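Here is the structure we will look at.
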4 protein chains.
Amino acid sequence: MKRVVSFRFMSDETPGPRGAARIHQAAREVLAGRGYSALTMEAVAAAAGVGKSTIYRWWPNKEALLADALAEVFKGEEIPDLGDTRAELRRAVDMTMDNYADAGLAIALPALAADLARHPELLARFREVFLWRKRGNIAAALHRGVDRGDLPATLDTDLIQDLWAGTIMYRRLMTGGPLDDDLAERLVQLAFKV
Amino acid sequence: MKRVVSFRFMSDETPGPRGAARIHQAAREVLAGRGYSALTMEAVAAAAGVGKSTIYRWWPNKEALLADALAEVFKGEEIPDLGDTRAELRRAVDMTMDNYADAGLAIALPALAADLARHPELLARFREVFLWRKRGNIAAALHRGVDRGDLPATLDTDLIQDLWAGTIMYRRLMTGGPLDDDLAERLVQLAFKV
Amino acid sequence: MKRVVSFRFMSDETPGPRGAARIHQAAREVLAGRGYSALTMEAVAAAAGVGKSTIYRWWPNKEALLADALAEVFKGEEIPDLGDTRAELRRAVDMTMDNYADAGLAIALPALAADLARHPELLARFREVFLWRKRGNIAAALHRGVDRGDLPATLDTDLIQDLWAGTIMYRRLMTGGPLDDDLAERLVQLAFKV
Amino acid sequence: MKRVVSFRFMSDETPGPRGAARIHQAAREVLAGRGYSALTMEAVAAAAGVGKSTIYRWWPNKEALLADALAEVFKGEEIPDLGDTRAELRRAVDMTMDNYADAGLAIALPALAADLARHPELLARFREVFLWRKRGNIAAALHRGVDRGDLPATLDTDLIQDLWAGTIMYRRLMTGGPLDDDLAERLVQLAFKV
DNA sequence: ATGTAATCGAGACGGTACGTCAGGTCTTACC
DNA sequence: GGTAAGACCTGACGTACCGTCTCGATTACAT
């Protein structure tokens, strides 16, 4: 299983602060412990034991920092070839559900997406990190399923992933419905029918 | 067709300010015109030509005001019995897509949901207005389809609606993918297969 | 005896904050108690039990606030006609020495003058409050002395006042020399000889 | 004519950085060109093409550096015996006026004096460099005048120097009055009358 | 028609967080 | 080993909004 590759949201590709890990960690802790609205730069700085200016030297704003911090724990790794389409799809769905099981990510991601309206230059990178990378990996698994003849050749890999991720995010964010085994199984089955 | 029933997010059930309509309107205008992050109480008050205290007299906070303002334009009305299951479902999907076609609603709803973490007492009302009311109406249409024998008796009306709304919201918010006729048609077909 | 007229350094002639007196007082206390370099807006706000924004609402910057605060305690009132030139001049000198006896004023005035290089629009008002008003009153006493024939008709009222105030400020600020009766008497005698 | 002796304000008596002259020069240039409030250590370091730490290795703080930089151009040399008391005194007054003719020195000296409240250990050295050294030299000239019988034996050499320097500084800093030939002449005459 | 009360606009107020800047300390790499 | 570069923590800056509040002025209803 490949390790999660962190992605820089910082303006240029400069290496980052010595305490980058500590700062990311602090951001996630504040988010998890006190909620999105309490996630202030000053709180993060204090939690990380770092000066505010150190954060601002390396990230242009809160959104960029948060995106980086979340990217580190966002799961989007490759699905290994298990020889079993159903099992692979289940792993893909679980990966998405894992991401949204974390209350921090679940709430922060859409809020972040909303805030990114202010920072359009970050939007593309945001999507790259939180969407395309994961989607590519899942698409690979779907294609293997098609190649094996398990899935219909007409399968729309984008649509199925929108169905998966959308439903999971929607339940977590809006309805508060369960993110359980049953849902996972039904979502997997969708791929065979769509 | 039933008219959109506005719902009070205000603390008590008092009728509201004289300029409620103007204030709601102003809130939506600021949201549409300058984005979610520029949606400050002061901006709304200024845009409505109203004192800040007038707003705070009637709504306890920004979230409640915004929820009210959005509820006014959020579509969730009953689906009339058209005698044609497919047509009714299409209408249900279109209703959801209409809601998310508006950039304001699309971005504001998840952000609002995130902010509501701070105001748990509003969360239940939020869900009532933006979820259950609409869902009840759509469920009625789905049940007619089951009764007609067009839809499987095992249909999970909650799941199908999560699939619909989730996918639409996800496309709008995250992937930026198209919300078009093709998507609507595919979502409708889902109901016949799930 | 005329009362010391406070002078607004605020941009426009608006009446000022409700807590103006408290804020001025706090500024002088911080200055006297912790020195010029500790005179921060935040310290003044805290000492006055006031939000920073209240201060910034009424004074554009630290210099303007300090000028106002000092103007309130700066002595520059009229010298009453005592019928005795020597006594009147002594009173004038004492007035200046009183101003510089206060450690706050003594250190703050030149520092303020230096800082005003950044705020040229305040410089004219600064001079009006801390110079011309007092000088006019002292000049009146000097002219009475000339009229009585006690002082030479050629007396340069500007020069004598520069000598007085300059010497006093210089001793206080630079040499640390005594500001005592002896000095006062010698300065008074200067006027009869210059 | 003796050369101006620079004085170390640095903590220990170590000889100083390789680029001491360049750093002093840079400090004075920044002061003259952009004013006292723009005289930051970073600006000086940049102007001198030197790392900040190099400055801090040799001077404990901004005040010490500035004092050193100004000491280099502050005039306080011996007054040669010209055989003419009036001429010698005029030279003494001119020396002081030269010091204050420079806008940098004029504004910086009092501001520096005010800032030295934070660094009492520097205050004595400050006075030595900018006061006593010059005063001793001028006092020598005054004593020659007394010996020649030109000046009264009761002359208070401290007072006359306070009058001179105080008046000049006061005009420059506070009133903005002229520092011209006429003032110089009148100050010289004071010595004969006080 | 007028007095009383609710509502309103305006905006001052005590605060919190923003994003910036400079001071002064420390580390790294070069010469 | 002194130096240039610059990361780092600290703390103040001046700004924007928050949510509370007080203040007349305007309404609207009750007499």
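Everything numeric in this text was worked out from a predicted model, so none of it was measured. Residue numbers start from 1 in every chain, and the chains themselves are labelled A, B, ... in the order their sequence lines are given, proteins ahead of strands.
In this view, B:Lys62 satisfies the side-chain hydrogen bond (donor to acceptor under 3.5 Å, both in side chains) rule with no residue, not counting sequence neighbours. A:Asn61 is linked by a side-chain hydrogen bond (donor to acceptor under 3.5 Å, both in side chains) to A:His119, counting only residues two or more places apart in sequence or in another chain. By the side chain to side chain contact (heavy atoms under 4.5 Å, CB included) test, D:Arg22 pairs with D:Val50, sequence neighbours left out. Scanning for side-chain hydrogen bond (donor to acceptor under 3.5 Å, both in side chains) contacts around B:Gln25 gives B:Arg28, B:Glu29, with sequence neighbours left out.
Considering CG of D:Leu123 and CD of D:Glu63, their distance stands at 11.5 Å, rounded to 0.5 Å. The distance from the CZ atom of A:Arg125 to the CG atom of A:Leu116 is 12.5 Å, given to the nearest 0.5 Å.
Rounding to whole angstrom units, CG of residue C:Leu66 and P of F:dC13 are separated by 12 Å. Across the protein-nucleic acid pair, D:Ile55 atom CD1 and E:dG24 atom P stand 11 Å apart, rounded to whole Å. Nucleotide E:dT16 holds its C1' atom 17 Å from the CG atom of B:Asn61, rounded to whole Å.
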Show me, pair by pair, the donor-acceptor contacts under 3.5 angstrom made by side chains of residues 30-44 of chain C, not counting sequence neighbours?
| from | atom 1 | to | atom 2 | distance (Å) |
| --- | --- | --- | --- | --- |
| C:Tyr36 | OH | C:Asp115 | OD2 | 2.5 |
| C:Thr40 | OG1 | C:Ala43 | N | 2.9 |
| C:Glu42 | OE2 | C:Lys52 | NZ | 2.9 |

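The side chain of D:Trp58 places an N or O atom within less than 4.0 Å of a non-bridging phosphate oxygen (OP1 or OP2) of F:dT3. Checking the phosphate oxygens (OP1, OP2) of E:dT7, no side-chain nitrogen or oxygen of B:Arg57 falls inside 4.0 Å. Within the 4.0 Å cut-off from OP1 or OP2 of F:dC9, at least one side-chain nitrogen or oxygen of A:Thr54 is found.
Annotation: of the two residues near DNA chain F, C:Lys62 and B:His119, the 5′-most nearest-nucleotide partner is C:Lys62. Toward the 5′ end of DNA chain E lies the nearest nucleotide of B:Val50, the other residue of the pair C:Val50 and B:Val50 mapping further downstream. Between D:Arg22 and A:Arg22, the residue anchored nearer the 5' end of DNA chain F, judged by the nucleotide with its closest heavy atom, is D:Arg22.
Taking every heavy atom of residues 28-48 of chain C and every atom of DNA chain F, pairs under 4.0 Å involve C:Thr40, C:Met41, C:Glu42, by number.
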Tabulate protein N/O versus nucleotide N/O from nucleotides 25-27 of chain E, keeping only pairs under 3.5 Å, one per line.
none

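Counting only heavy atoms from C-beta outward, the side chains of B:Leu65 and B:Ile55 approach each other to under 4.5 Å. Here the side chains of C:Phe74 and C:Leu70 are not in contact, with every heavy-atom distance at 4.5 Å or above.
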